[in-house]
Amino acid sequence: MTKTARFALRVCAPLAAALLTSTAAYADNWRYAMEEGLTDPQGLYATKFKEEIEANSDHTVQIYPVGTLGESADAMEQAQAGLLQFIDQSPGFTGALIPEAEAFLVPYIQPTDPQVVRKFFKEGVAVNEMFHDIYREQGLELLSVFPEGEMVVTTMEEFRTPADLEGMKIRTMTSPLLLETYTAFGASPIAMPWGELIGGLKTKMVDGQENPAIWIEAYDLDNLTNVMTYTGHGQYTTAVMANAEFYDALSDADKELVQNASQVALDYILDVAVELDATGLAKIQESNPGYTINRLTEEERAPFKERAKAVEAAFVERAGERGAAILEQMKKDLAAAQQ
């Protein structure tokens, strides 16, 4: 266990003892940790979830924003230990624990058109059926998977082909599959924690990065680069989970309460995420009118899609036959959502 995790557990020790000695306390005050702030997509989902739970029961939900309980790995340890009832964490961080979750990082497997995105996440077999048992193996009840916005690449120089990316140092989350992605795309990826990104751009340690428009605008990443490129390769996706032992101990009424709240929050965030993404782009265009914004054509995307096959192979090598089956189903779900 990490030093941060031990610290978080010490801080939570009195509450943990209360939870272990009182079933009523365990059920009445539910603890929910996430990777973002309250006004960010994960925070908006969590707030809507909390509102639904508290409006339809006597239970309360206590939300812990990013950093409150340590790093992502620390929060996951606490969720698996039962100190947290709910956790929101992206596949970029859960991939080490659940390799199959990295399917959401494979390029060109998810849609980018808002209406297609909604159908893909609401009706897709892979998202809504195939992942459930896999998360269960890690003591987690999967409640929702949702997108936070289309991934966009910001760089110092324009690129329209993999050859253009050659030599560019692109920051990614600390995920082997994301490193594989940008290597396949022709760049020189560098895994870097979020907290080091702005400094990395300022000191030219990296030449670019990927994020949804909402994050690019919120953290002035457009002012640290010259070009923003829509490659159409995917969404920033996250997952909301409950501790499985906690969930199984709930009454049927409370299980229904949790499921209903998660679906209401999902419907809400699927609309809000689109609005936030559009707002982020509009603010960039307004505040930085000289900033170059490119959208690759289907013809320009073709060589990137071809190179993405190597990323698929790397994913299957990590996730095995079950991962391969999920990937194929996601392709079918994408085709169905586009009809």
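Starting from 1, each residue takes its place in the sequence as its number. Here the structure is a predicted model, which is why all the values come from computation and not from measurement.
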To check you understand the geometry: which heavy-atom pair defines the closest contact between [X] and [Y], and what is its length?
X: Tyr291; Y: Val227; value: OH-O, 3.2 Å
X: Leu334; Y: Ile109; value: CD2-O, 3.6 Å
X: Gln62; Y: Asn29; value: OE1-ND2, 3.3 Å
X: Asp277; Y: Ala213; value: OD1-N, 3.4 Å
X: Ala191; Y: Thr174; value: CB-CA, 4.0 Å
X: Pro107; Y: Ala308; value: CB-CB, 3.9 Å

Query raised in the report: Is there a salt bridge (charged side-chain N to carboxylate O under 4.0 Å, His left out) between Glu312 and Lys309 once you walk through the steps?
Result: CA-CA 5 Å; Glu312 292 186 24; Lys309 293 177 181 178; over 6 Å; no

To the closest 0.5 Å, what do you measure between [atom1] ([X]) and [atom2] ([Y])?
X: Glu51; Y: Asn56; atom1: CD; atom2: CG; answer: 11.0 Å
X: Met34; Y: Gln89; atom1: CE; atom2: CD; answer: 13.0 Å
X: Met192; Y: Ile170; atom1: CE; atom2: CD1; answer: 11.0 Å
X: Thr161; Y: Asp164; atom1: OG1; atom2: CG; answer: 3.0 Å
X: Thr279; Y: Ile284; atom1: OG1; atom2: CD1; answer: 11.0 Å

Query raised in the report: Should the pair Tyr219 and Trp215 be assigned to parallel (<30°), tilted (30 to 60°) or perpendicular (>60°) ring geometry?
Result: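 If you compare the ring of Tyr219 with that of Trp215, the planes turn out parallel.
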
Looking only at atom types and distance, does a side-chain atom of [X] sit under 3.5 Å from a main-chain N or O of [Y], one as donor and one as acceptor?
X: Asn128; Y: Lys122; value: yes
X: Thr155; Y: Glu157; value: yes
X: Arg31; Y: Phe86; value: no
X: Thr229; Y: Thr154; value: no

Output every pair passing salt bridge (charged side-chain N to carboxylate O under 4.0 Å, His left out) with a member in [range], not counting sequence neighbours, ordered by first then second residue.
range: residues 213-231; answer: none
range: residues 201-214; answer: Lys169-Asp207
range: residues 102-113; answer: Glu102-Arg318
range: residues 291-304; answer: Arg160-Glu300, Glu298-Arg301, Glu298-Lys305

Residues two or more places apart in sequence or in another chain: which of them pass salt bridge (charged side-chain N to carboxylate O under 4.0 Å, His left out) with [X]?
X: Glu275; answer: none
X: Glu158; answer: none
X: Glu54; answer: Lys50

Query raised in the report: Within a radius of less than 6.0 Å around CD of Glu137, do more than 12 heavy atoms belonging to other residues, nucleotides or ligands occur?
Result: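 Correct, the count exceeds 12.
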
Report task. Tell me, yes or no, whether the heavy-atom count around Glu317 atom CD, taken from other residues, nucleotides or ligands under 6.0 Å, exceeds 12. Result ->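 Count not over threshold, so no.
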
Report task. Go through the steps for Lys283 and Glu286 under the test salt bridge (charged side-chain N to carboxylate O under 4.0 Å, His left out), then give the verdict. Result -> CA-CA 5 Å; Lys283 287 183 177 179; Glu286 180 181 355; over 6 Å; no

Query raised in the report: Between Arg136 and Asp248, is there a side-chain N and carboxylate O pair less than 4.0 Å apart?
Result: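 Yes.
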
**Report entry** Asp267 with Arg118: basic N within carboxylate O range, under 4.0 Å
**Finding:**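 Looking at Asp267 and Arg118, the cut-off is met.
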
Report task. Determine which pairs satisfy ring pair (Phe, Tyr, Trp, His ring centres under 6.0 Å) with at least one residue from residues 311-339, sequence neighbours left out, and list them in order. Result ->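 Qualifying pairs, neighbours excluded: none.
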
Query raised in the report: Val106 and Phe120: same hydrophobic cluster, using ILVMFWY side-chain contacts below 4.5 Å?
Result: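 Yes, same cluster.
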
**Report entry** Met168-Leu201 co-clustered via ILVMFWY side chain contacts under 4.5 Å
**Finding:**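 Result: no, two separate clusters.
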
What about the rings of [X] and [Y], do their centers lie closer together than 6.0 Å?
X: Trp30; Y: Phe49; answer: no
X: Phe104; Y: Tyr236; answer: no
X: Phe304; Y: Tyr108; answer: no

**Report entry** side chain to side chain contact (heavy atoms under 4.5 Å, CB included) against Ser251, all qualifying residues, sequence neighbours excluded
**Finding:**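 If we apply the side chain to side chain contact (heavy atoms under 4.5 Å, CB included) test to Ser251, skipping adjacent residues, the hits are Ala253, Asp254.
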
Query - With Thr237 via side chain to side chain donor-acceptor pair (under 3.5 Å) - residues at least two apart - result: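 Testing Thr237 for side chain to side chain donor-acceptor pair (under 3.5 Å), a comparison that skips the adjacent residues, returns Gln110.
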
Query raised in the report: Among side-chain atoms of Tyr230 and Thr112, is any donor-acceptor pair under 3.5 angstrom?
Result: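 Side chains of Tyr230 and Thr112: no pair found under 3.5 Å.
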
Query raised in the report: Going by atom types only, do His233 and Thr231 share a side-chain donor-acceptor pair under 3.5 Å?
Result: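 Yes - a donor-acceptor pair under 3.5 Å links their side chains.
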
Listed pairs under 3.5 Å, donor-acceptor, residues 37-46 side chains, sequence neighbours left out:
unit_1 : atom_1 : unit_2 : atom_2 : d
Asp40  : OD2    : Gly37  : N      : 3.0
Gln42  : OE1    : Glu35  : N      : 2.9
Gln42  : NE2    : Glu35  : OE1    : 3.3
Gln42  : NE2    : Glu36  : OE2    : 3.4
Gln42  : NE2    : Glu148 : OE2    : 3.2
Gln42  : NE2    : Thr238 : OG1    : 3.2
Tyr45  : OH     : Ser144 : OG     : 2.8
Tyr45  : OH     : Ser262 : O      : 3.3

Report task. Evaluate the side chain to side chain donor-acceptor pair (under 3.5 Å) criterion for residues Asn223 and Asn288: first the C-alpha distance (whole Å), next the side-chain angles of each, then the deciding distance (0.1 Å), finally the verdict. Result -> CA-CA 8 Å; Asn223 291 314; Asn288 198 349; 3.3 Å; yes

Report, one line per pair, each donor and acceptor closer than 3.5 Å where one atom sits in a side chain of residues 92-101; sequence neighbours left out.
unit_1 : atom_1 : unit_2 : atom_2 : d
Thr94  : OG1    : Ser90  : O      : 3.3
Glu100 : OE2    : Arg322 : NE     : 3.1
Glu100 : OE2    : Arg322 : NH2    : 3.0

